[in-house]
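Just so we're clear, the structure is a prediction, and the values are computed from it rather than from any experiment.
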Amino acid sequence: MAPVVATPSKSRRRRRILQAAVIVLVVLGGNIPYMNSWASDRYNEWRSHQPDYMRANGRWDIVADSGSRSIHAALLRTGKVLLMAGSGNDKKSFDAKRFETILWDPVANTFQKVYTPWDVFCAGHAFLPNGDLLIAGGTKAYEVLAQDSPDGKKKEYRGLKDSYLFDPIAERYVKTGFLAHARWYPTLVTLANGAVVAVSGLNEKGDIDPGNTESYDSQSASWIQHPDLRKEFPTYPSLLLAADGRLFFSGANAGYGPASLAARQSGLWNLTNNAFQAVPGLPLPEVNETAGTVMLAPAQEQKVMFIGGGGVGDTQVATDRTAIVDLTQPQPAWERGPDLSSPKRYPGAVVLPDDTVLVAGGSRRYRAKDTLSAEIYDPATNRFRRVADPHVGRDYHSEYLLLPDGRVAVFGSNPLTDDNIFETRVEIYSPAYLYAGPRPVVSGAPTTIGRATSVSFKASQKIDKVRLIRPGAYTHVTDTEQRSVALPITAQADGTVTVNVPDNPNVLPGDWYMLFADNEAGVPSVATWVHVTP
């Protein structure tokens with residue numbers, strides 16, 4: 001006899017189906033936020049790769065993981081990027097004397113380790129006229145918090161007197177003469193005569209430098225003291241070489257030093273007589289720490305933009321304000337510019353070949369609450385517009401560089417956490433102009449050019465503007481190097497473009513520059529490296 005199989009009644013089957021449906025709904029209901037987030041991320045990823053979107057907003061791509069806690073980044077005349085970490089804000093690495101430098105090749109997307117003989121962490125740097133990078137200062141000792149100190153008092157970071165050149169051809173560090181004053185968090189800036197001035201920083205005892213000024217002489221490979229030039233600055237002061245040879249201090253800085261507004265006053269510093277002309281009018285001057293500064297293009301117009309910023313120290317205040325000053329005026333004063341899309345400490349600001357400025361990254365708090373936003377400032381309209389959002393948050397210890405192909409590379413970030421995490425992914429922004437049509441091709445440009453001369457080159461398209469952009473050397477929201485200098489077009493026929501080179505060495509200091517030629521649609525060529533002789 002066949003076995004008897006019990007079958008559920010219709011009512012029981014309906015009950016089981018209902019129970020299963022309820023369970024499914026409960027599970028789905030508990031995961032609706034996750035599902036919405038997942039769906040939103042997938043949609044945003046799809047949208048960001050649509051041609052119309054990229055033509056209007058550009059796009060961001062995570063292209064690599066350097067594995068390095070880079071604190072400093074500089075674009076070398078070889079097209080490679082020097083990523084300097086030293087101990088990388090990691091005391092275990094410092095105690096073990098593990099100091100790191102990485103060379104990144106953006107074309108091959110490869111990384112190469114470079115022997116690093118000292119702790120470059122929190123040094124200063126600037127390019128010499130021959131394209132070598134001068135790096136001075138660094139870390140002698142890490143801070144000790146009060147609760148960990150034998151006497152119950154906090155011990156600050158302490159600086160070094162070490163000074164090195166990085167040779168971009170040999171791809172190695174070369175020792176130079178020692179600084180006269182140990183410096184941690186200093187600023188270096190190159191003058192028109194090729195000398196490099198060093199100011200500020202914490203000394204070997206952890207005290208703020210009281211105003212000692214020194215300069216590097218390439219001929220003797222030594223540092224020269226200037227006792228007649230005394231100016232106290234907060235650490236990592238943002239200094240730019242102005243057209244009249246003075247150094248402009250925007251008021252932006254990164255960290256230590258007197259909290260008084262008088263000590264952080266924006267102004268023009270005369271290196272011939274130590275006179276300081278205050279530049280008034282900065283809106284919200286009490287929140288000028290961790291702010292960005294950029295010389296707008298073209299540099300001949302001498303307009304400087306102040307971007308975002310926060311309160312002194314680890315306060316949680318941030319601002320969305322910008323301000324602009326015209327240094328050509330006899331009595332220059334700040335005027336408020338358009339507001340950012342959100343408050344930003346640590347904003348990254350990069351001048352692009354079409355004269356606009358990319359402002360990206362930053363955070364709403366002290367090393368926290370990254371904004372994950374980007375916008376483009378157009379000097380012609382004095383307005384910002386939002387563009388594609390980056391995928392990776394960036395705040396403290398992040399770096400931004402324009403690459404020779406017109407893209408912008410971003411590195412680093414060290415948000416405040418108990419385990420001192422560090423962002424090592426490399427993200428690249430491709431501006432909208434890279435999706436606006438074929439790029440001009442430039443050929444035949446001279447490798448070396450002099451000031452007050454005419455220069456000719458071939459171009460595959462009609463050219464609307466030509467710019468020389470100095471490569472950046474970025475750390476702690478400070479880049480004294482980047483500037484975009486206009487080369488006025490004087491003739492253009494049969495594919496030959498002739499331009500004039502400015503004669504003012506304060507506007508166009510000697511160095512290697514990227515020559516970009518933009519067509520009438522604002523699409524730039526891939527840069528050609530040219531050497532502006534001292």
Can you check whether W512's main-chain N or O pairs, donor with acceptor, with W529's side chain at less than 3.5 Å? no

Tell me whether the count of non-hydrogen atoms from other residues, nucleotides or ligands lying under 6.0 Å of NZ in K231 goes above 12. yes

Is a salt bridge present between D244 and R246, judged by a nitrogen-to-oxygen distance below 4.0 Å? yes

Side chains of T328 and E301: closer than 4.5 Å at any heavy-atom pair? no

For F127, what residues pass the ring pair (Phe, Tyr, Trp, His ring centres under 6.0 Å) criterion, not counting sequence neighbours? none

Enumerate the residue pairs fulfilling salt bridge (Lys or Arg N to Asp or Glu O under 4.0 Å) with a member in residues 389-400, sequence neighbours excluded, ordered by first and then second residue. R386-D389

How about Q316: does its CD atom have over 12 heavy atoms from other parts shown lying under 6.0 Å from it? yes

Are any of the side-chain nitrogens in K154 or E156 under 4.0 Å away from the carboxylate oxygens of its partner? yes

Between W223 and S163: side-chain donor-acceptor atoms closer than 3.5 Å: yes

What are the two closest non-hydrogen atoms of D339 and R321, and how far apart are they? OD1-CA, 3.9 Å

Between A136 and P186 the two heavy atoms that sit nearest each other are O-CG, 3.9 Å

Selection residues 276-309 - residue pairs positive for ring-ring contact (aromatic ring centres under 6.0 Å, His included), sequence neighbours left out: F306-W334

Do other residues, nucleotides or ligands put more than 12 heavy atoms under 6.0 Å from R59 CZ? yes

Let me confirm one number: the OG1-CZ distance from T371 to R364, rounded to the nearest 0.5 Å. 7.0 Å

Test of understanding: with salt bridge (charged side-chain N to carboxylate O under 4.0 Å, His left out), list the residues that count as partners of K155, not counting sequence neighbours. D151

Residues in ring pair (Phe, Tyr, Trp, His ring centres under 6.0 Å) with W118, at least two apart? Y164, Y173

To check you understand the geometry: which heavy-atom pair defines the closest contact between A291 and G308, and what is its length? CB-O, 3.4 Å

When you look at I71 and F422, which way does the side-chain contact (heavy atoms from CB on, under 4.5 Å) test go after all the steps? CA-CA 10 Å; I71 309 293; F422 205 102; 3.7 Å; yes

Partner residues of Y142 under the ring pair (Phe, Tyr, Trp, His ring centres under 6.0 Å) criterion, sequence neighbours left out: F94, F121, Y157

With side-chain contact (heavy atoms from CB on, under 4.5 Å) as the test, would you mind laying out the steps for F233 and N253 before giving the verdict? CA-CA 9 Å; F233 291 101; N253 61 93; over 6 Å; no

Quick check for you: to the nearest 0.5 Å, what is the distance between E143 atom CD and S149 atom OG? 11.5 Å

Minimum heavy-atom distance M514-P404, with the two atoms named: SD-CA, 3.6 Å

Is the number of heavy atoms from other residues, nucleotides or ligands under 6.0 Å of R336 CZ greater than 12? yes

Once side-chain hydrogen bond (donor to acceptor under 3.5 Å, both in side chains) is applied, what residue pairs with a partner in residues 285-296 remain, sequence neighbours excluded? S238-T293, S250-T293, R264-E289, T290-R345

Applying salt bridge (charged side-chain N to carboxylate O under 4.0 Å, His left out), name anything that partners D217, two or more places apart in sequence or on another chain. none

Kindly give the heavy-atom pair with the smallest separation between Q482 and V350, and that separation in Å. OE1-CA, 3.7 Å

CA sep, side-chain torsions, deciding dist, call: Y513, R467, side-chain contact (heavy atoms from CB on, under 4.5 Å): CA-CA 9 Å; Y513 286 75; R467 298 291 184 260; over 6 Å; no

Can you tell me which residue among R98, K97, K91 is in a salt bridge (charged side-chain N to carboxylate O under 4.0 Å, His left out) with D95? K91

Take a 6.0 Å sphere around CG of D418 and say whether it holds more than 12 heavy atoms from other residues, nucleotides or ligands. no

With sequence neighbours excluded, residues passing salt bridge (charged side-chain N to carboxylate O under 4.0 Å, His left out) with R407: D405

Can you sort out the partners of Q302 under side chain to side chain donor-acceptor pair (under 3.5 Å), two or more places apart, ordered by chain and number? none

So, does T319 use its side chain to make a donor-acceptor pair with the main chain of G309 at under 3.5 Å? no

About how many Å separate CG of D479 and NE2 of H72, when rounded to the nearest 0.5 Å? 13.0 Å

Would you say that F411 contacts I102 through its side chain, given a criterion of any heavy-atom pair below 4.5 Å between the two side chains? no

W184 and N203: side-chain donor and acceptor closer than 3.5 Å? no

What pairs with E214 under salt bridge (charged side-chain N to carboxylate O under 4.0 Å, His left out), at least two apart in sequence or on another chain? R183

More than 12 heavy atoms from other groups under 6.0 Å of NZ on K175: yes

Not counting sequence neighbours, which residues clear ring pair (Phe, Tyr, Trp, His ring centres under 6.0 Å) with H476? List them please. Y185, Y236, Y396, H397

